[in-house]
Amino acid sequence: MKNPQVESDKEKPLLEDIRLLGQILGEVIREQEGEEAYALIEHIRQLAVADRRGQADGEGAAGQLENLLHGLSGDQAVTVVRAFTYFSHLANLAEDRHFLRRREAHERRGEQSRGSVAGALDRLAAAGVGREDIVATLDRAYISPVLTAHPTEVQRKSILDAEKAIAGLLGRREQLRQAQARDEADVRLPGYRRETEAAIRARVTQLWQTRMIRNARLTVQDEIDNALSYYESTFLSEVPALYEGLEERLEVPRLPVFFRMGQWIGGDRDGNPNVSAASLRYALQRQSRVALRHYLAEVHALGAELSLSERRVAVSDALRELALSSGDDSERRADEPYRRALTVIYARLAGRLRALSANENIHPHESVACPPYATVDEFLADLRVVEASLKENHGAALAAGRLRGLIRKAEVFGFHLATLDMRQSSDQHEAVIAELLRAAGLAERYESLDEAARRDLLLRTLADPRPLTIPGHAYGERTRGELDIYTAAREVVDAHGANALRHYIISHTEDVSDLLEVLVLLKEARILTGEWPGQARTPVIVVPLFETIGDLRRAPDIMREYYALPGIAAMVLRSGAEQDVMLGYSDSNKDGGILTSHWELYVAEVALARLFAELSAQYGAPLRLRMFHGRGGAVGRGGGPSYEAILAQPPGTVNAQIRLTEQGEVIASKYANPEIARRNLETLVAATLEATLLPDAHPARAEYLAAAQALSDAGMAAYRDVVYGIDNFASYFYDATPVREIAELNIGSRPAARKPGRRLEDLRAIPWGFGWGQSRLTLPGWFGLGSAVDRYVADHPDGAEAAWRLLREMHQEWPFFRTLVANIDMVLAKSDMDLARKYGTLVEDRALAAKVFDAISAEWHRTVAALAGITGSEDRLAGNPGLARSMRHRFPYIDPLHHIQVELLRRWRAGETDERIQTAIHISINGIAAALRNSG
């Protein structure tokens with residue numbers, strides 16, 4: 001049992017940081033807004049705390065708070081909401097610092113954290129997995145986080161930049177604190193700490209004087225640029241460091257490239273009419289510019305470092321030849337071959353960059369007449385000439401520094417920086433194919449054909465060497481736009497290489513024809529080349545996305561039938577023998593609830609892995625299956641801790657291959673701080689290695705699988721009975737959450753719904769989760785577990801005691817079930833039925849409000865009881881003390897935001913026209929999302 005005093009001592013530095021940041025924020029508010037405003041904020045906080053504790057003074061804290069909030073002016077509302085929101089932001093920074101502090105303390109004691117690479121290697125070694133096996137696994141591995149532009153990132157980049165600076169200053173303050181503890185006699189240290197705190201105060205002042213929310217909707221170009229800022233600040237430095245750390249621990253000179261970055265932003269046009277051929281071109285141009293500018297800066301710095309004179313050290317013939325090709329006859333550099341060689345490299349990089357953008361600032365070295373690099377392999381060849389010469393001539397120490405890192409960056413990021421995925425919905429492909437076939441006289445009404453006829457027609461079209469499009473024909477706007485996208489894709493592949501665009505994702509894949517339609521369009525754009533079926537190949541992997549419960553259940557059959565078609569398996573083998581299958585977490589959850597979503601994903605993965613093992617045996621060649629997990633930030637959209645999620649995958653389904661989306665709302669929290677980013681990147685590698693190489697100590701027994709199926713069936717029935725069974729449930733959701741106001745926020749380029757109106761079927765899963773989180777019901781992350789457990793216990797043939805015994809055993813022994821229960825526990829801990837009841841008062845139909853809230857509340861209590869029965873603990877987050885501590889510190893500052901948000905929503909919807917009220921609502925959405933660290 002943990003010692004409470006020891007735990008309290010561990011928290012002291014965190015509390016000191018929170019207290020410091022809160023104090024600075026309070027001083028800034030006093031200075032900027034006056035003592036009266038500060039007193040108002042503090043009074044609201046005290047009333048909210050009293051209300052949570054049930055303290056009653058006179059008319060009661062709740063009544064006092066309601067009266068006070070009702071009387072707030074527009075200016076007061078904005079000031080109060082900004083204060084509590086910024087406190088939440090600052091508390092996040094303090095917690096991030098504490099996380100790093102505790103992890104460093106563990107590592108100093110030789111304790112390796114779960115999720116760290118060092119910890120994974122220790123566990124592998126303890127299980128008897130040798131270094132050779134690990135290296136061999138990495139040799140065939142493909143690990144890729146994929147950044148997306150889903151409309152859930154509520155923070156402006158200006159705010160993120162200022163907070164990043166504060167995070168760095170907190171780190172510096174921590175270092176000074178440790179230094180003072182080691183040497184109290186150093187009289188300089190207190191002054192340094194005061195300077196650091198003054199710098200924090202300046203950044204907090206900057207935050208207070210900066211507009212918190214955007215006054216214009218983001219464009220796709222904005223989203224691209226925002227995402228690329230993480231490469232410049234984090235990925236370009238931390239990914240190579242990840243490789244270097246692994247190489248050092250494994251004691252190998254060089255690991256193969258196994259970790260790559262992916263990107264959706266600029267290529268994901270599913271439901272986003274703003275993504276176009278121009279977006280695709282812009283994304284790759286910007287990505288390439290970021291990579292090339294970084295390489296130019298590194299080469300320039302190498303030129304300063306490698307001032308080696310040929311009079312002092314020999315060089316290789318290849319290096320001398322490279323230096324001579326510079327044409328540099330300056331006497332000052334006559335004996336400095338490395339500098340002259342780097343001049344050539346710089347000039348060729350600059351030439352490639354200049355071809356991308358005529359206005360780019362190029363260093364004067366560009367004047368050297370050298371042809372631009374055509375491929376990254378040419379760049380790497382020249383860097384390796386420099387490296388080999390250094391190693392051969394007593395310069396290994398120089399080769400091991402910046403040059404080694406640059407070579408690794410070029411290997412990982414190439415000239416394209418990240419693989420850009422394309423995505424579109426299957427119904428859009430169908431409409432385009434229908435128009436093309438109609439214009440070509442091949443099918444008057446393709447959309448009316450049955451599946452067998454579609455497959456036959458599409459295969460004949462693939463085998464026809466003639467193009468399907470007719471030059472000069474007046475196609476509709478949609479078809480022209482889609483054809484332009486494919487043309488741009490071919491240009492991108494030609495200009496930036498096959499790795500620039502590797503995956504084409506088909507949303508709402510419902511049958512085999514959905515995949516064939518994309519192959520036909522790739523053929524039309526000359527991205528799929530060669531005679532069909534004998535010579536056909538394509539650098540693009542056609543990726544089905546199975547989203548709904550029904551689609552997940554059909555996924556293995558669809559893929560089996562697809563590969564049974566003539567030419568498909570041969571084409572895939574010829575094109576690299578890789579097949580990605582994307583699994584949708586968000587929509588499957590919205591469709592069937594969290595239990596059924598996770599279970600059907602599990603079942604589909606097992607069946608798909610079995611299928612591809614059979615196909616590999618059938619064709620006598622390995623067909624590499626890679627699961628692409630469409631995870632969200634919130635648990636209801638597949639989020640939660642990545643390490644546990646990967647380890648919870650069915651045995652044999654990871655197999656060193658994994659892609660997963662990093663949604664908009666978690667990118668900043670996971671990757672804005674380079675130290676935090678390194679830990680998160682390590683987590684993906686550690687979990688992938690463990691999931692691949694560690695024997696499954698507790699395989700899922702048949703009775704576990706049967707119990708999970710029974711729980712899924714009962715959970716889905718309970719979920720759909722309420723969400724899709726109660727008339728006008730959608731009206732409750734739209735009225736009792738700020739989802740309407742969320743749609744007004746300028747937080748993304750994509751619409752919140754696929755179609756106008758209030759149909760839940762048309763609402764995207766992202767605002768669905770976002771809205772429930774804001775109202776603190778967090779319904780998508782837990783609803784259905786309570787009813788499922790009640791039904792399972794009641795129906796168990798051996799009685800209730802045997803049922804509970806099996807559920808507890810599953811929780812102890814089965815990673816899938818343990819992770820699912822832990823995630824539900826986490827989400828339930830963030831729910832608050834008292835606050836949610838206040839949001840329910842916004843629903844105009846009082847009878848509807850009572851009916852829906854009572855149904856949700858009843859399931860909430862059933863779920864709380866189920867969790868207690870399964871885990872053996874009445875306390876939420878008993879197994880996650882860090883999050884429990886976080887919530888304990890945050891409640892006094894989250895509650896006021898909810899109380900104010902409900903009051904302001906009521907006013908705004910009643911017709912109050914003060915724009916400051918709308919501004920305060922939008923800021924409160926920001927603050928609650930930040931405070932819960934889970935927006936979507």
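All values below come from the heavy atoms of this structure, side chains included, with hydrogens, waters and symmetry mates left out.
In this structure, CE on M559 lies 7.5 Å from CG on L611, to the nearest 0.5 angstrom. In this structure, CZ in F817 is found 11.5 Å from CD in Q812, a value given to the nearest 0.5 Å. One finds the CH2 atom of W782 at 7.0 Å from the OG atom of S831 (value rounded to the nearest 0.5 Å). Taken to the nearest 0.5 Å, the OG1 atom of T661 stands 10.0 Å off from the NE2 atom of H629. The structure places CD1 of I134 at 11.5 Å from OG1 of T692, a figure rounded to the nearest 0.5 Å. In this structure, D421 CG and I505 CD1 are separated by 4.0 Å, a value rounded to the nearest 0.5 Å.
Cation-pi geometry between R624 and F612 is not satisfied (NZ or CZ under 6.0 Å from the ring centre, within 45° of the ring normal).
In this pair, Y142 and H503 present their aromatic rings perpendicular. The plane angle is above 60°, beyond the 30 to 60° band. Classification of the Y231-F413 ring pair by plane angle, with boundaries at 30° and 60°, yields perpendicular.
Side-chain N/O atoms of Q579 and Y563 include a donor and acceptor closer than 3.5 Å. With hydrogens and angles left out, the side-chain atoms of E690 and Y643 include a donor and acceptor closer than 3.5 Å. Side-chain contact annotation: Y602 with Q649, donor-acceptor N/O pair under 3.5 Å absent. Side-chain contact check for Q618 and E614: no donor-acceptor pair (N or O, by modelled atom type) lies under 3.5 Å. A side-chain N or O of R101 and one of H98 form a donor-acceptor pair less than 3.5 Å apart. A side-chain donor from one of T596 and S712 sits under 3.5 Å from a side-chain acceptor of the other. Under the 3.5 Å distance criterion, with hydrogens and angles disregarded, no donor-acceptor pair is assigned to the side chains of R260 and N499.
Electrostatic pairing of R102 and E11 does not count as a salt bridge here, judged by no charged N lying under 4.0 Å from a carboxylate O. Note on R177 versus E174: salt bridge recorded, some NZ/NE/NH1/NH2 to OD/OE distance being below 4.0 Å.
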**Evaluation steps, side-chain contact (heavy atoms from CB on, under 4.5 Å), between Q263 and V146** = CA-CA 5 Å; Q263 196 105 324; V146 182; 5.6 Å; no

**Prompt:** Taking it one step at a time, do R679 and L100 satisfy side-chain contact (heavy atoms from CB on, under 4.5 Å)?
**Reply:** CA-CA 9 Å; R679 304 298 187 182; L100 292 169; 4.1 Å; yes

**Request:** Walk me through it: do R114 and R123 pass the test side-chain contact (heavy atoms from CB on, under 4.5 Å)?
**Result:** CA-CA 10 Å; R114 279 175 61 82; R123 280 183 285 280; 4.2 Å; yes

**Message:** Applying salt bridge (Lys or Arg N to Asp or Glu O under 4.0 Å) to E387 and R384, what does each step give before you reach the verdict?
**Reply:** CA-CA 5 Å; E387 180 186 46; R384 287 172 179 142; 5.3 Å; no

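The aromatic ring centroids of F235 and Y671 lie less than 6.0 Å from each other.
Residue K670 is tested with E682, E238, E662 for a salt bridge (Lys or Arg N to Asp or Glu O under 4.0 Å); the sole match is E662.
Side-chain N or O atoms of T863 include one that pairs as donor or acceptor with a backbone N or O of G786 at under 3.5 Å.
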